[in-house]
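Heads up: the structure comes next, in structure tokens.
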Amino acid sequence: MAAAQRIVIENCSIATVDAHDTEYPSGYVVIAGNRIESLGAGRAPDGLENVVRRIDATGHLVTPGLVNTHHHFYQWITRGLATDHNLFGWLVALYPTWARIDEPMVYAAAQGSLAVMARGGVTTAMDHHYVYPRGSGDLSGAIIRAARETGVRFTLARGSMDRSEKDGGLPPDFAVETLDGALAATEETVERHHDSSFDAMTQIAVAPCSPFSVSTELLSRGAELARRLGVRLHTHGSETVEEEKFCHELFGMGPTDYFESTGWLGEDVWMAHCVHMNDSDIAAFARTGTGVAHCPSSNARLAAGIARVPDMLAAGVPVGLGVDGTASNESGELHTELRNALLINRLGAHREAALNARQALRLGTHGGARVLGRAREIGSLEPGKLADLVLWKLDTVAHASIADPVTALVFGAAAPVTASFVNGAQIVDNGRLLHVDEDAVARSTRAQAQRLARITAQG
Ligand SMILES: [Zn+2]
């Protein structure tokens, strides 16, 4: 085998987000193949062979790539609708539109979602896709293709819904799959696409949508399926007071107890939101190692509330950040969620002690890797880990007067990304995607959004 090619990045600040929060005011990173080979203070070691590129990163902060832990890519073409609703009102308003999606729409929407995240420093994306209208094509395949083309590492959470209005659920009857159909399609997606290797670019999780849109049997059989196949489990949980009320009325218990009764607490599970959690819910998550995808902008947009992130972290719950679908967070950016997570949590019970800049950066990197089950491979800059990292430009007028680079990144304006690497390969150069034509994506997402609106209007 040929010796790995090396890329040397020098003269940068580095925030490793390792277990000790090691930082270097001026240091270097050596990438060899798809791994981080070495990093440290000062200049890179002399005498390195096979160096194909040297990057003078003066004025930059290098961090691990951002990890997004909750999203719905298809919503990229239904942004800006039902803007003054809470969760249930917003869902009911949008289900009829969502039920009309097809493969070209989902592919374009995935491209748009991925483009905006990737050029903002996301190196690992996830998509929780749960709308599979009959005859709509290979939606999972289209989403995975878009992720491959963008160059990001990717987890597809294969979602499903089987509890429609006639069974007391929220989605209309035409928007759901059957229990057996959903389970079979999920298993097939895992068999076709899941890669369990250390440097996997595509992984699949089993992801029934939420307590109010799936049957108890789909939850429990989904958990069995995931454990038989050795993949992770994802869903929405404890997002709103209405959901809590729904669970008490239908199941006679709150969401966390309901999840526990269906096999849905465990270190192979992560849930989006977890806003309405009492002390015993948080203790149950901590005891079982269940992870949380904190989505501050979406929670604000839908007036859901403020998740108790400081309490979760104090209890030892793994917490990452999520954009959530862009029908409830039109920006679709994750780097701005570092700031939003910090600010929104300071409005909660812990006030100024809620989160600091380094905790926010950890949520968006190592925390995300943990909840996706990939903390051994990504989420921090350490020798032997995969080379997923971002060069943030902090020497322009937007940030240059802030002395501490991590403070500048989190508290300051959204920082420009000079370069972003995934698996040792560059995917962003000077804020532009290298492998996808952003202008073409802008045109196709607009065309598909208009097509969907037209089809929906025709009824
Ligand atoms: Zn969501």
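All ligand and atom numbering here is 1-based and tracks the order in the structure. Side-chain atoms are counted along with the backbone in the values below, which use heavy atoms only and exclude waters and symmetry mates.
- In this pair, His335 and Trp392 present their aromatic rings parallel. The plane angle is below 30°, not in the 30 to 60° band.
- At a threshold of 2.8 Å, the Zn ion (ligand 1) has a backbone or side-chain N, O or S atom of His70 nearer than that distance.
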Subject >> CA sep, side-chain torsions, deciding dist, call: Glu224, Arg228, salt bridge (Lys or Arg N to Asp or Glu O under 4.0 Å) >> reply: CA-CA 6 Å; Glu224 286 163 21; Arg228 174 160 64 77; over 6 Å; no
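- Counting backbone and side-chain atoms alike, His273 contributes no N/O/S atom closer than 2.8 Å to the Zn ion (ligand 1).
- Among the backbone and side-chain atoms of His72, an N, O or S atom lies under 2.8 Å from the Zn ion (ligand 1).
- Among the atoms of Asp324, an N, O or S atom is found under 2.8 Å from the Zn ion (ligand 1).
- Within the 4.5 Å cutoff, the side chain of His71 has heavy atoms near those of the Thr326 side chain.
- Cation-pi geometry between Arg376 and Phe198 is not met: the NZ or CZ atom fails to fall both under 6.0 Å from the ring centre and inside 45° of the normal.
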